[in-house]
Structure formats: structure tokens, C-alpha cells
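First comes the structure, then the notes that go with it.
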Amino acid sequence: SLQRVEALFAGGDLRQTPLLLQTSYLWALRETVRHSHGDPEAAMDAGSLVYTTDVTIMRAPVKQGAAWLRDPARVDVLWAALSRSPQVNEHGDDYARSEDKSQVAERLARILRCAAAHGVEALVLPVPGGGCRHPATGLGQVLNDVITRHGRGIRHILVCRHDGELTGGFWESFVAGLQPGR
């Protein structure tokens, strides 16, 4: 949330948010309210995306000393919201309600369509809903379906694992769900 970003900026541990520490994205994020002429969090809760172009990666990773880069890269950042706690089936491996599954699929499809429309060649995603209570296998299946249907034109789609976020076999179940034919 924007309030959480402000809290991080005001003295939190920025090492936990490399996107904010290593790039120009924090400045853009702080300007989002003014540029959108409304409440971006409410808009995202309603299914909108925030698309920010020309975010500059200015520093190396913190683990490497966060040195300033001589040849900074530019990336675009897409930001979307997923529900925090969708209902999960009795086995814990899929969504219990088709509405929850459809909402996740639509939001992910919107991300891919937006990226393709802007000519994105490589899309790097965190695990969607990572840290929330989405069913790992079901989420992987939804993402696989969305990539199959809406990923045309994007040469590379990568899903990153952040250490510490995905525990208890979540990552392994998510990856299993990504496999075609499940």
C-alpha cells in the first residue's frame, strides 16, 4: 500500500524492498496520487493497474554493496492488487469459489495484455499473491492458463522466488501447478 511505502521511506528497512532502494520507482510511487487524480489503491482494488514507464535501475543489489551503476537500465513497472485471503478448497490446493479464481485470472490476464500492448519483451513477476493465502497449486494453474492465453508477444515471462516469503512447500506446489496439462 502507499501508506506502507511511506512508512518504509520514513525509516523502515529498505533492504527488504530492492525496487524502492535500487531504482527511481519510489519517487514515481509517491507521485501516483497526484498523477492519477484519485485514490490508486481504491482503483486497484476495483481491478485497475498502475503502469509506470522509465523506472531507472540506478544501484546494484544491497548484497553487492548497492554501488551506483555506470550504465543504468530502464524498466517499466506494473502494479496490481489481488485479494488477500480467497477461500481455499478442503485440500488446500485450489480456490473454493470460482469467483475468486476468475478474479485472479482476470487481473493476471490484464497484466499480460497491458505488457504486450506496451511491447514488453521480458516480464518478471513475483509469485502473484505471494505472502497472502492463495492456494499454491491452483495459483500456478491459473497463471499457466493466463500465460498460454494472453502471453503471446512477450518473449520471456519469469516468476521470481523471494527467499523467506514462500514457506511450507508453497513454491514447489506453485511450480507444479505451472506445469502444462495439470
Side-chain angles (χ1 to χ4, degrees), residues 1-5 7-8 12-13 15-20 25 29 39-52 61 63 75-118 120-182:
S1 78
L2 294 176
Q3 293 167 340
R4 193 172 89 142
V5 169
L8 287 171
D13 187 357
R15 292 173 296 177
Q16 299 301 317
T17 45
L19 180 62
L20 302 181
Y25 191 59
L29 193 56
D39 180 0
E41 287 184 82
M44 287 191 313
D45 287 343
S48 296
L49 301 176
V50 174
Y51 186 85
T52 307
K63 290 180 181 179
V75 297
D76 295 351
V77 176
L78 271 157
W79 189 25
L82 296 179
S83 61
R84 278 185 119 8
S85 301
Q87 292 183 5
V88 177
N89 70 8
E90 65 275 2
H91 304 291
D93 63 352
D94 205 355
Y95 295 92
R97 297 175 352 138
S98 61
E99 298 86 16
D100 290 337
K101 193 173 200 170
S102 295
Q103 181 197 55
V104 171
E106 177 50 38
R107 301 255 172 116
L108 294 175
R110 194 171 290 157
I111 289 169
L112 267 62
R113 289 191 305 260
C114 181
H118 284 88
V120 169
E121 292 182 22
L123 181 63
V124 180
L125 300 167
V127 173
C132 295
R133 295 182 182 96
H134 287 263
T137 305
L139 180 61
Q141 291 169 343
V142 169
L143 183 57
N144 178 52
D145 183 54
V146 168
I147 290 170
T148 301
R149 294 173 50 203
H150 302 284
R152 290 177 297 279
I154 303 173
R155 292 180 58 197
H156 305 283
I157 299 175
L158 307 167
V159 180
C160 297
R161 175 183 179 167
H162 296 284
D163 292 336
E165 279 186 8
L166 309 172
T167 60
F170 187 98
W171 175 254
E172 293 76 12
S173 295
F174 172 73
V175 170
L178 278 171
Q179 302 307 311
R182 287 192 51 103

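A quick note: this is a predicted structure, and the numbers were derived from the prediction, not measured.
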Measure up the Phe170 and Phe174 rings against each other and bin them: parallel (under 30°), tilted (30 to 60°), perpendicular (over 60°).
-> parallel
Could you check whether the rings of Tyr51 and His118 sit parallel, tilted or perpendicular, using 30° and 60° as the cut-offs?
->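 If you compare the ring of Tyr51 with that of His118, the planes turn out parallel.
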Rounded to the nearest 0.5 Å, how far does [atom2] of [Y] lie from [atom1] of [X]?
{"X": "Leu139", "Y": "Leu108", "atom1": "CG", "atom2": "CG", "answer": "7.0 Å"}
{"X": "Leu143", "Y": "Leu112", "atom1": "CG", "atom2": "CG", "answer": "7.5 Å"}
{"X": "Ile147", "Y": "Leu178", "atom1": "CD1", "atom2": "CG", "answer": "6.5 Å"}
{"X": "Glu106", "Y": "Ile111", "atom1": "CD", "atom2": "CD1", "answer": "10.5 Å"}

Using side-chain hydrogen bond (donor to acceptor under 3.5 Å, both in side chains) as the criterion, list what pairs up with Arg107, not counting sequence neighbours.
->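 Arg107 satisfies side-chain hydrogen bond (donor to acceptor under 3.5 Å, both in side chains) with no residue once adjacent residues are dropped.
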side-chain hydrogen bond (donor to acceptor under 3.5 Å, both in side chains), paired with Tyr95, selected from Gln87, Gln103, Gln141, His134 |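 It is His134; the other options fail the test.
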Please examine the side chains of [Y] and [X], heavy atoms only from C-beta on, and report whether any two atoms are closer than 4.5 Å.
{"X": "Val104", "Y": "Pro128", "result": "no"}
{"X": "Val159", "Y": "Val127", "result": "yes"}
{"X": "Asn89", "Y": "Pro135", "result": "no"}
{"X": "Arg133", "Y": "Val88", "result": "no"}

Identify the heavy atoms of [X] and [Y] that sit nearest to each other, and give their distance.
{"X": "His150", "Y": "Ala109", "result": "CD2-CB, 3.5 Å"}
{"X": "Val146", "Y": "Ala105", "result": "CG2-O, 3.6 Å"}
{"X": "Ile154", "Y": "Ala115", "result": "CD1-CB, 3.9 Å"}

Check Val120, Leu49, Thr52 against Leu78 for a side chain to side chain contact (heavy atoms under 4.5 Å, CB included) and give me the one that passes.
->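 Going through Val120, Leu49, Thr52 one by one, the side chain to side chain contact (heavy atoms under 4.5 Å, CB included) with Leu78 is satisfied by Leu49 alone.
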Trace of the side chain to side chain contact (heavy atoms under 4.5 Å, CB included) decision for Asp93 with Ser173 | CA-CA 8 Å; Asp93 63 352; Ser173 295; over 6 Å; no
Side chain to side chain contact (heavy atoms under 4.5 Å, CB included) against Glu99, all qualifying residues, sequence neighbours excluded | Arg97
